[in-house]
**Q** 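Got a structure for you, questions after.
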Amino acid sequence: MPQLSDIPPQDRRRLWETMLLIRRFEEHIVDVYGQQEMQSPVHLYIGQEAVAAGVCLHLRPEDYLFSTHRSHGHCLAKGADVFSLYAEFYGRAAGCCRGKGGSMHPCAPEVGILGTTAIVGGGIPLATGAALASKLLGQGRVAVTLFGDGASEEGAFHESLNFAALKALPVVFVCENNFYATASPIHQRQPHDDIFRHAAGYGIPAAQVDGNDAAAVYFAAREAVQRARRGGGPSLIEARTYRWKGHVGPSCDWENGCRPKQELEQWMDRCPLERFTQRLLQSGDLTEQDIRGTLERTDVMLARELERAKHSPPPASSEVWRHVFHETK
Amino acid sequence: MPQLSDIPPQDRRRLWETMLLIRRFEEHIVDVYGQQEMQSPVHLYIGQEAVAAGVCLHLRPEDYLFSTHRSHGHCLAKGADVFSLYAEFYGRAAGCCRGKGGSMHPCAPEVGILGTTAIVGGGIPLATGAALASKLLGQGRVAVTLFGDGASEEGAFHESLNFAALKALPVVFVCENNFYATASPIHQRQPHDDIFRHAAGYGIPAAQVDGNDAAAVYFAAREAVQRARRGGGPSLIEARTYRWKGHVGPSCDWENGCRPKQELEQWMDRCPLERFTQRLLQSGDLTEQDIRGTLERTDVMLARELERAKHSPPPASSEVWRHVFHETK
Amino acid sequence: MPWTKIFSNQAEFDLALGGQGLRALSFREALVEAQRFLLQDDPRVLLMGEGVDDPGAIFGSTAGLAQSFGKDRVMDVPLAENGMTGVAIGAALAGLRPIFIHMRNDFLPMCMDQLINHAAKWSYMTGGRVNVPLVVRSIVGRGWGSAAQHSQALHGLFLHVPGLKIVAPATPYDAKGLLIAASRDGNPVMFFEHRWTFDYVGYVPAEAYQVPLDQGVRRRQGSDATVVAIGWMVNEALKAAAALEAEGVSLEIIDPRTLLPLDMPLILESVAKTGRLVIADTACHTGGTGAEIACRVAEWSPGALKAPVVRVDFPDAPTPASTALEKTYYPDAEAIAQAVHRTLREG
Amino acid sequence: MPWTKIFSNQAEFDLALGGQGLRALSFREALVEAQRFLLQDDPRVLLMGEGVDDPGAIFGSTAGLAQSFGKDRVMDVPLAENGMTGVAIGAALAGLRPIFIHMRNDFLPMCMDQLINHAAKWSYMTGGRVNVPLVVRSIVGRGWGSAAQHSQALHGLFLHVPGLKIVAPATPYDAKGLLIAASRDGNPVMFFEHRWTFDYVGYVPAEAYQVPLDQGVRRRQGSDATVVAIGWMVNEALKAAAALEAEGVSLEIIDPRTLLPLDMPLILESVAKTGRLVIADTACHTGGTGAEIACRVAEWSPGALKAPVVRVDFPDAPTPASTALEKTYYPDAEAIAQAVHRTLREG
Ligand SMILES: Cc1ncc(C[n+]2csc(CCOP(=O)(O)OP(=O)(O)O)c2C)c(N)n1
Ligand SMILES: Cc1ncc(C[n+]2csc(CCOP(=O)(O)OP(=O)(O)O)c2C)c(N)n1
Ligand SMILES: [Mg+2]
Ligand SMILES: [Mg+2]
């Protein structure tokens, strides 16, 4: 078992800061959502931050990332701009998609996010295709696709694993197994919950990790990304985790009977941010003062960007007819 | 390893007769196809007979069978009527689908063949659904789906395995791995050719058998069908075999460069019918005289039915507009 | 007729019909009642879909059914739309009568292979020997930034697929009667619902009844122009009619209810009377249901129109997320009224 | 113009145009030449599809390309249409320009999710920041009992999907020029070919050229009636025109070439002249391209028609297998001529 000390100090710090950024980014949404001005169905990531942080730390800006309906954390970890995300969720012209995509479809081509699909499983073949492009063009870029346990039931997941294995593509499949698809528990959808087992059928290396342990995700992702980058082909990582909020929106879904409250509480006790914070405090990577300082800086920045986004102008109505097609060749 | 002697004598005989029937049924098509009166794209099964024979011997008339574009052998082994198949291939009104389906879409509801799809992989979920119906209605019927190596690449295969395992459905998935999909060799489509390996991902019992050995198929299918019938859930059988003819039509496709002739010859040396004939001769289940007699009776019957079919009338043109919808409630 | 009326809430209903002792249900409740009846009445009926048994209960339209009938008959399924549609078809072939439910139209493209290549063609390919008694319910999403992949209305696509029937109820009464008819029909029936009709209230008899799958209904008598309105647009057309009435314009409103088969006699009769036609649909413009209706009017009653037909529908663009853009994207009663004005001006 | 002409074989071509020193290619060869040019010209171009590299070479339309460019650029793929279409789209997003090839239209429903929910919407959803330079070639099968699942023509479905372009070439010249234009376009383009046009011969310049994706062509000048003919029907319309000429009827033939965008000005201009319109398509009747064209004529030139529009297309039924039934199922030059007679009688 690799130790925390096997993670370079600057990476430890970045892991923690990324998780913190995601957590607070989402909590700011929770705070303002009730105002009903952010009119976009937000699928919050709170509770799963270690996965995005641990995976994306290994990626370069030019590497590709394909996400899902639950995209915020992934985008932030990959380096997407906070303001342009918030503005997008508010449906503003300055949003990363000019207000046309909303929370489910962010893009940030400048950091390898070429667009996001909210069709479950839909992004998996897209990432595989981006990896094919990278390989055929000899670019050395890695493509990562993050998706849920539900997505692993879609045929497109298997079709992608098969093709990626066949062509030894530089793609990392990361399944965030949070044991639910909307309110449907995994045992109503799959015969068991060890999703990583499907990789063997394709001869793809796989790892099952504690998705609430940023270090565990970090090590598994490092291996997978390095393998992809050196031409060793695809990998599958199953990160077992849990979302704290409801499937969509800022409330908790145990309140309406979707899940047992106790289950949520057990997982909250294993908060990925809190756990990693404690470890970094112990290791001396962090001090209480660091924490307070970073938290404050992050919150000030997020509040500022959110306000800017909220008060930025909506798109002109003529935008409805634009961009149906690519405008220049 | 079970021995030939573990197969009851009447089953040994039926296995052999079924293979012979299929082989000669197809060879009669080869003989007449050049006349260009059988205007239907025939996907011949010659070389793969042991699979259909070994699987279907365990099925009851009320059990379900879902086939593919390469359906003739499956239908015969399940008990479909020779005349109504030939008539269908000739596009005649007396065909099993009134001439509307042709060679790729036979049905014989009286023996559990509820229709056939030529969309690769399409029949796999249908069989799974029939098994669901059997289970929910408490009928004890088993559903079998036979499909090719190509079909195992379709997402529908995996989606079906998942659901069948989840609900422990009485369905047997039989993959006839003949190493080609049209002219495309499996190594251009899959990272390895051990298709049975995918079952483990779902916790489904699987067997890989010599599909040119009727006894081997028989034993694997017996176990799978019995498991299904007693409520033990689905199984996957991979039967490794080879088609002798081209993907479609009566000629051999090595002639146009689709495959090496030598490869075909090696597989022809392992002819499933010839091998089983030899074993039954050795075991005393068959005599040379039996063989001659059965062959002659079979040929006379096939020639008669084929002639009848060929000379039976075509459907009236008004049939074009019928059966788009189910006619009575 | 009380059952042709739609109300936006119970109070409105009480005002108009409550005095007659009629029972009101919401569109959502009407769906629940139809399915409850079907499940009770026929052991072969089975509901399948992602989340049919969860607390959300498909926007409430399957509420309580899993509790009453168990999870074998109100069955949550994996996320595998094409495969699971195939499973539903296979089950239908083998004796069940599944109702497959999608929360959104947008997931239908995932199962087009099973719908187009299998369900629609099965009766024909088997020469009528095997049929597919399958209903596919799917809901049109709209608003709150649902955007391009969660607010499509795709009924128009299926018009071009022989072997499918297409239903688009606009009222609680029709939701119940058409769903029962669809499940009994014995053919694959695409059943399109609009999220925004779910709260509508209307008269719904307690007993089981069927609304035939080939009969439209005249929702409003009028003499100056005909609006053929589909699904949610029926209510917008009624609003437009009320506004136009104040101006002295008399609108006739036809709700086809089923798009395949399409009740052309009813449409042609109305057009013969009014000489003006507006078609209001909840889908994108090009290649949709409106084109087919307009084309048939041109083929069968070429002289009937005094002014060119006008289509009121969505732009030929995916749905934008921004609320600001949604306002422009979606036509409403106002757009219908404008279209009517145009036909009056031009003819 | 020589490039508007179609010949059923080389001898016919030689007779008509050979004297002018023009080069003839078959439709199939024109496709090969276009793809060879694209592969040579742009290292980002990639052909993908089941069997693109095999001896059959997609009915010969990719013949020799795997040999010239290798199996990485002319790539056989697994049988996984939806996933592989997603792979093609992902590759397009990341800088390649894939041409995905299906042997049959019938396999398109398998990838509707990736085509409708992804390719068609990507530019819009990203606010125009990321585009999908993808061409999807697919061939309409026909005859020899191909039956319901191997002979569909599904271009009409895609008319209702904003964000896609639709191309349906009828001549070798257009096959080459439109394919090059499609690959250069930067948008997802559905490229529909008809198996029965593959042997047609016509003038094809050796150099690379583009046929614009929004311009139809007048294949024949005439004054009595307009036939808008799509794909394979263009040649049938030409045959009908020849037969009708003998009777003194002068037919104008419009080949839209691209169905989206649709060259309505050309169609309206012709209809304004002839006052009679027949639309001949190689697809099922209801909800197809014909309905959209007829509807637009009714909207935009309501007074132009002296007789009702007539659609010549397939019955609203899946394709039957039996040759006897295929004869009834498929309309031909004769059916077009009859339709023209009808418009002449009725107007
Ligand atoms: C193809 C498709 N089917 C259904 C949906 C509706 N839907 C949106 S998210 C979701 C659950 C996805 O679960 P999972 O993949 O585990 O991701 P999670 O939400 O848990 O992050 C569903 C069913 C969809 N968007 N796409
Ligand atoms: C979805 C789909 N894709 C492609 C085809 C064309 N096609 C027909 S049979 C076939 C090969 C199938 O190979 P396999 O499943 O191994 O069966 P085999 O022919 O070897 O028996 C292909 C590609 C099809 N019918 N359906
Ligand atoms: Mg999940
Ligand atoms: Mg095969």
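Every heavy atom of this structure was used, including side-chain atoms; hydrogens, water molecules and symmetry mates were not.
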**Q** Need one label for B/Arg322: side chain, backbone, both or neither, based on atoms under 4.5 Å from any heavy atom in chain C.
**A** backbone

**Q** What part of B/Leu114 is in contact with chain C, defined as an atom under 4.5 angstrom from a non-hydrogen atom: side chain, backbone, both or neither?
**A** both

**Q** If you count heavy-atom pairs under 4.5 Å with chain C, which of B/Asn162, B/Thr116, B/Thr128, B/Ile119 comes out on top?
**A**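 Highest number of pairs under 4.5 Å: B/Ile119.
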
**Q** Side chain, backbone, both or neither: which part of C/Asn117 has a heavy atom under 4.5 Å from chain B?
**A** side chain

**Q** Quick one: what part of B/Phe157 sits under 4.5 Å from any heavy atom of chain C, side chain, backbone, both or neither?
**A**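 Contact with chain C: none, neither part.
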
**Q** So which of B/Cys96, B/Pro315, B/Ala156 has the biggest tally of heavy-atom pairs under 4.5 Å with chain C?
**A**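 Looking at each of B/Cys96, B/Pro315, B/Ala156 in turn, B/Cys96 comes out on top.
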
**Q** Of the backbone (N, CA, C, O) and the side chain (C-beta and beyond), which part of B/Ala130 lies under 4.5 Å from a heavy atom of chain C, both, or neither?
**A**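 Contact with chain C is through both the backbone and side chain of B/Ala130.
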
**Q** Does the side chain of B/Leu132 come within less than 4.5 Å of C/Leu46's, by heavy atoms?
**A**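 A side-chain contact under 4.5 Å exists here.
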
**Q** With a 4.5 angstrom heavy-atom cut-off, is it the side chain or the backbone of C/Asp72 that approaches chain B, or both, or neither?
**A**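 Contact with chain B: backbone and side chain both.
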
**Q** Counting only heavy atoms closer than 4.5 Å, note whether C/Lys165 contacts chain B via side chain, backbone, both or neither.
**A**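 Both parts, heavy atoms under 4.5 Å.
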
**Q** Is chain C contacted by the side chain of B/Ser134, its backbone, both, or neither, given a heavy-atom distance below 4.5 Å?
**A** neither

**Q** State, to 0.1 Å, how close B/Pro125 and C/Gly83 come at their nearest heavy-atom pair, and which atoms those are.
**A**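 Nearest heavy atoms, B/Pro125 then C/Gly83: CB-O, 3.3 Å.
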
**Q** Hey, what do you get for NZ (B/Lys100) to CE (C/Met125), rounding to the nearest 0.5 Å?
**A**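 One gets 12.5 Å once the value is rounded to the nearest 0.5 Å.
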
**Q** Going from CH2 on C/Trp122 to NE2 on B/His105, what distance comes out if it is rounded to the nearest 0.5 angstrom?
**A** 8.5 Å

**Q** Might you work through the side chain to side chain donor-acceptor pair (under 3.5 Å) test for B/Thr117 and C/His118, ending with a clear yes or no?
**A** CA-CA 7 Å; B/Thr117 174; C/His118 295 86; 2.7 Å; yes

**Q** Please rank B/Gly95, B/Pro109, B/Cys97 by heavy-atom pairs under 4.5 Å with chain C and give me the top one.
**A**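 If we count pairs closer than 4.5 Å to chain C, B/Cys97 comes out on top.
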
**Q** Counting only heavy atoms closer than 4.5 Å, note whether B/Leu166 contacts chain C via side chain, backbone, both or neither.
**A** side chain

**Q** Given the options B/Ala164, B/Pro106, B/Cys107, B/Gly101, which has more heavy-atom pairs under 4.5 Å with chain C than any of the others?
**A** B/Cys107

**Q** Testing the basics here: between B/Leu136 and C/Met75, what is the closest heavy-atom pair and its distance to 0.1 Å?
**A**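 B/Leu136 and C/Met75 have their closest heavy atoms at CD1-CE, 4.3 Å.
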
**Q** Distance check, rounded to the nearest 0.5 Å: C/Asn131 atom CG versus B/Phe325 atom CZ?
**A**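 Between atom CG of C/Asn131 and atom CZ of B/Phe325 there are 12.0 Å.
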
**Q** Of the non-hydrogen atoms in B/Leu126 and C/Gln114, which two are nearest, and what is the gap between them?
**A** CD2-OE1, 3.8 Å

**Q** Indicate the atoms forming the closest heavy-atom contact of C/Ser123 with B/His326, along with that distance.
**A** OG-N, 3.8 Å

**Q** Please name the pair of heavy atoms, one in B/Val324 and one in C/Gly163, separated by the smallest distance, quoted to 0.1 Å.
**A** CG1-N, 3.6 Å

**Q** Side chain from CB out, backbone as N, CA, C, O: work out which of these in B/Val320 comes under 4.5 Å of a heavy atom of chain C, or both, or neither.
**A** both

**Q** With a 4.5 angstrom heavy-atom cut-off, which part of B/Glu154 approaches chain C: side chain, backbone, both or neither?
**A** neither

**Q** Heavy-atom distance under 4.5 Å to chain C: side chain of B/Lys135, backbone, both or neither?
**A**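 Looking at B/Lys135, nothing touches chain C.
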
**Q** Between C/Arg129 and B/Glu110, is any pair of side-chain heavy atoms under 4.5 Å apart?
**A** yes

**Q** For C/Val130, is it the side chain, the backbone, both, or neither that has a heavy atom closer than 4.5 Å to a heavy atom of chain B?
**A**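 For C/Val130, the contact with chain B is made by the side chain alone.
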
